[in-house]
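Below: the structure, in structure tokens.
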Amino acid sequence: MEEMKFCQSCGMPMGQSDEMYGSEKDGSKSEDYCKYCYEDGKFFKEESLESMIETCIPFMLEGNMELTEEIARDQLNQFLPTLKRWQTA
């Protein structure tokens, strides 16, 4: 069983099909970022980690009716900083 890949910006599960992956400047598939965050070798918008967390909360709530906004925010605050885009040099 192959390890689940997550977008290294928003944390969305990417799955096995190429359709969820963004693209690099040369048109190749991005190995790290989803099509909602990254296209043509760049992010759709420059945003802070805090802004990304707020962007992701509604999607988490939509996918899990038992999740509260507070729990979703806590989970994102723990998970997103571990992703490539949010790592500090």
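Of all heavy-atom pairs between Pro81 and Gln87, the closest is O-NE2, 2.6 Å. The shortest non-hydrogen separation linking Ala72 to Leu61 is CB-CD2, 4.3 Å. A pairwise comparison of heavy atoms in Gly15 and Met4 identifies N-SD, 3.9 Å as the closest pair. Between Cys37 and Cys7, the closest heavy-atom pair is SG-SG, 4.0 Å.
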Go through it in stages, so that I can follow the logic: the residues are Lys35 and Tyr21, the test is side chain to side chain contact (heavy atoms under 4.5 Å, CB included), and I'd like the CA-CA distance, side-chain angles, deciding distance and then a yes or no.
CA-CA 5 Å; Lys35 67 181 183 179; Tyr21 291 81; over 6 Å; no
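Qualifying side chain to side chain contact (heavy atoms under 4.5 Å, CB included) partners for Tyr38, counting only residues two or more places apart in sequence or in other chains: Glu24, Ser30, Tyr33, Phe43.
By the neighbour-count criterion of 12 heavy atoms within 6.0 Å, atom OH of Tyr36 is sparsely surrounded, having that number or fewer from other residues, nucleotides or ligands.
Looking only at side-chain heavy atoms (C-beta outward), Phe6 and Met12 stay at 4.5 Å or farther from each other. Side-chain contact between Arg85 and Leu80: absent, with no pair of heavy atoms (C-beta onward) separated by less than 4.5 Å. Inter-residue side-chain proximity for Phe44 and Glu39 is flagged as met; some heavy-atom pair is nearer than 4.5 Å.
No option in Lys84, Lys5, Gln8 other than Lys84 meets the side-chain hydrogen bond (donor to acceptor under 3.5 Å, both in side chains) test with Asp32.
Taking CE from Met60 and CG from Leu67, the interatomic distance works out to 5.0 Å, rounded to the nearest 0.5 Å.
Within the 3.5 Å criterion, the main-chain N or O of Asp40 finds a donor-acceptor partner in the side chain of Ser23.
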Please report, to 0.1 Å, the donor-acceptor pairs under 3.5 Å made by any side chain of residues 49-59, with sequence neighbours excluded.
from: Ser51; atom 1: OG; to: Glu47; atom 2: OE1; distance (Å): 3.0
from: Glu54; atom 1: OE1; to: Arg73; atom 2: NH2; distance (Å): 2.9
from: Glu54; atom 1: OE2; to: Arg73; atom 2: NE; distance (Å): 2.8
from: Glu54; atom 1: OE2; to: Arg73; atom 2: NH2; distance (Å): 3.3
from: Thr55; atom 1: OG1; to: Ser51; atom 2: O; distance (Å): 3.0

